[in-house]
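Reviewing the structure listed below.
Computed from a predicted structure; not experimentally measured.
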Amino acid sequence: MGFLFSKAKKQHGDHSGSGDTSGNRKPVSEADRAVLQLKMMRDKLTSYQKKMDSTLATEMALAKKWLAEGHRERAAIMMKRRRFQQTLLQNNVSMMENLSRMVDTIEQQELEGKVLQSMKEGTDMLKVLQQQLGLDRAEEIMSDAYDAVALQDEISAVLGQSVDSVIDEHLLEQELDAMQSSLD
């Protein structure tokens, strides 16, 4: 199934097909071998089916010829043989359907396995990231953030006050009285 989602790779150097010179090839899995074997068998059955179709047509023509020539027994024997071969052909079609279903099932299972492996890897990474952060660390970061925001609010409040509100009027009056009395 790997061929469905992979990009074609060009081989450089050795074009004989023997040996892996690219270093980028993935190893062939058992599932890939099984799928290849099933597809090869399906191709053989397809070839057999084509041969049988041709044979059946030839036998039908021969049976008609013999019947026309008056050889009824020969024509009957040929028709019996033809029916037997049609039964074999029908079995062949059933086997091809079973092979196709099996190929599809293997490819689907392989895909599901890859999805599950990806989900496992994602879950493992999520756990690692959660361990790095941890609940206590998250609460500490949020507490620090709240403290920083509160301090910034206080600073903004102080900076936002008018100069008059920062100066205590009563102290100012006392200081002015003290200066006046020193002048007198």
Is any side-chain heavy atom of Met102 less than 4.5 Å from a side-chain heavy atom of Ile106?
yes

Between Arg42 and Leu38, is there a side-chain heavy-atom distance shorter than 4.5 Å?
no

Who passes salt bridge (Lys or Arg N to Asp or Glu O under 4.0 Å) against Arg72, sequence neighbours left out?
none

Residue list, salt bridge (Lys or Arg N to Asp or Glu O under 4.0 Å) with Glu112, at least two apart or on another chain
none

Between atom [atom1] of [X] and atom [atom2] of [Y], what is the distance when rounded to the nearest 0.5 Å?
X: Arg82; Y: Met78; atom1: CZ; atom2: CE; result: 11.0 Å
X: Arg74; Y: Leu62; atom1: CZ; atom2: CG; result: 9.0 Å
X: Ile77; Y: His71; atom1: CD1; atom2: NE2; result: 12.0 Å
X: Gln37; Y: Leu99; atom1: CD; atom2: CG; result: 10.5 Å
X: Thr123; Y: Leu116; atom1: OG1; atom2: CG; result: 10.0 Å

Identify all side-chain donor-acceptor contacts of residues 88-96 below 3.5 Å with residues at least two apart in sequence or on another chain.
residue : atom : partner : partner atom : Å
Asn92   : ND2  : Leu45   : O            : 3.1
Ser94   : OG   : Gln90   : O            : 3.3

Please table the atom pairs, donor to acceptor, closer than 3.5 Å between any side-chain atom in residues 124-143 and protein atoms at least two apart or in another chain.
residue : atom : partner : partner atom : Å
Asp124  : OD2  : Lys120  : NZ           : 2.9
Arg137  : NH1  : Glu140  : OE2          : 3.4

List the residues meeting side-chain contact (heavy atoms from CB on, under 4.5 Å) with Arg101, not counting sequence neighbours, and say none if there are none.
Glu97, Asn98

Decide whether Asp153 and Ser156 meet the rule of one side-chain donor and one side-chain acceptor closer than 3.5 Å.
no

Given Val149, Ile155, Asp147, the one that forms side-chain contact (heavy atoms from CB on, under 4.5 Å) with Leu151
Ile155

Kindly work out whether a path of hydrophobic side-chain contacts (I/L/V/M/F/W/Y, heavy atoms less than 4.5 Å apart) joins Val103 to Met41.
yes

Considering only distance and modelled atom types, tabulate donor-acceptor pairs under 3.5 Å from the side chains of residues 49-61, sequence neighbours left out.
residue : atom : partner : partner atom : Å
Thr55   : OG1  : Lys51   : O            : 2.9
Thr58   : OG1  : Ser54   : O            : 2.9
Glu59   : OE2  : Arg81   : NE           : 2.9
Glu59   : OE2  : Arg81   : NH2          : 3.4

Which is it for Glu107 and Lys39 under the salt bridge (Lys or Arg N to Asp or Glu O under 4.0 Å) test, yes or no, and what are the steps along the way?
CA-CA 12 Å; Glu107 289 175 344; Lys39 287 181 177 181; 3.5 Å; yes

Search all heavy atoms of Ala63 against all heavy atoms of Ala75 and return the closest pair with its distance.
O-CB, 3.5 Å

If you count the non-hydrogen atoms of other residues, nucleotides and ligands that lie under 6.0 Å from CD in Glu175, is the total more than 12?
no

Should we count CD of Glu69 as having more than 12 external heavy atoms under 6.0 Å?
yes

Asp43/Thr46 under side-chain hydrogen bond (donor to acceptor under 3.5 Å, both in side chains): CA gap, chis, key distance, verdict
CA-CA 5 Å; Asp43 292 345; Thr46 301; 5.0 Å; no

